[in-house]
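Worksheet: one structure, shown below.
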Amino acid sequence: MKIDRNPWILRFLLSERYLNLALLVLRLFVGGMMLTHGIDKLQHFSALREGFPDPIGWGAAASLVMIILVEVGCSLMVLAGLLTRLAVVPMVFAMMMAMSTMPAGGLSGIELPLLYVGMCVVIFIAGPGRCSIDYLIGKAILDPKL
């Protein structure tokens with residue numbers, strides 16, 4: 001039996017050519033989705049202020065302000081690719097706090113925050129890629145002749 005060794009398919013399957021595009025798509029997805037959560041909390045601030053979970057003990061209003069800053073500020077940084085690895089760290093902690101406030105009910109209650117944690121960890125490990133402000137800053141620092 002002869003195995004079809006199509007070089008185009010093998011090159012496509014083993015290629016890292018689209019790695020930077022994949023990192024851009026991941027950053028845009030995570031940043032955009034997290035931003036929608038932050039904007040929703042910002043729009044409903046007065047309604048959420050009193051009953052917002054307070055896992056750290058700062059008070060409901062302070063916890064809500066902190067989560068809005070993370071979900072809006074850090075999301076914008078991730079979208080732009082600005083200090084990306086630093087920006088995903090508060091996002092991971094915010095999602096871990098969200099998981100701790102979910103009622104016990106198996107995986108279904110923590111599934112969404114857990115997905116965000118996983119995607120943020122991938123961004124932290126892989127970095128923002130070449131389609132980012134971080135890459136441009138790094139390139140300017142390493143090669144100031146630009």
Between [X] and [Y], which heavy-atom pair has the shortest distance, and what is it?
| X | Y | answer |
| --- | --- | --- |
| T84 | P128 | OG1-CB, 3.4 Å |
| L24 | C131 | CD1-O, 3.9 Å |
| L82 | I133 | CD1-CG2, 3.8 Å |

Roughly how far, to the nearest 0.5 Å, is the [atom2] atom of [Y] from the [atom1] atom of [X]?
| X | Y | atom1 | atom2 | value |
| --- | --- | --- | --- | --- |
| E71 | M33 | CD | CE | 11.5 Å |
| M34 | C120 | CE | SG | 5.0 Å |
| L79 | S132 | CG | OG | 12.5 Å |
| M91 | I67 | CE | CD1 | 9.5 Å |
| I137 | L83 | CD1 | CG | 6.5 Å |
| L48 | S63 | CG | OG | 12.0 Å |

[atom1] of [X]: more than 12 outside heavy atoms within 6.0 angstrom?
| X | atom1 | value |
| --- | --- | --- |
| F45 | CZ | yes |
| M99 | CE | yes |
| R85 | CZ | yes |

Item to check | Cluster check I125, M77: I/L/V/M/F/W/Y, side chain < 4.5 angstrom | outcome: no

Next on the checklist: Assigning hydrophobic clusters by single linkage (Ile, Leu, Val, Met, Phe, Trp, Tyr; side-chain heavy-atom cutoff under 4.5 Å), is V121 placed with M119?
Outcome noted: yes

Next on the checklist: Could you check whether any side-chain N or O of R27 sits under 3.5 Å from a backbone N or O of V78, counting only pairs where one atom can act as donor and the other as acceptor?
Outcome noted: yes

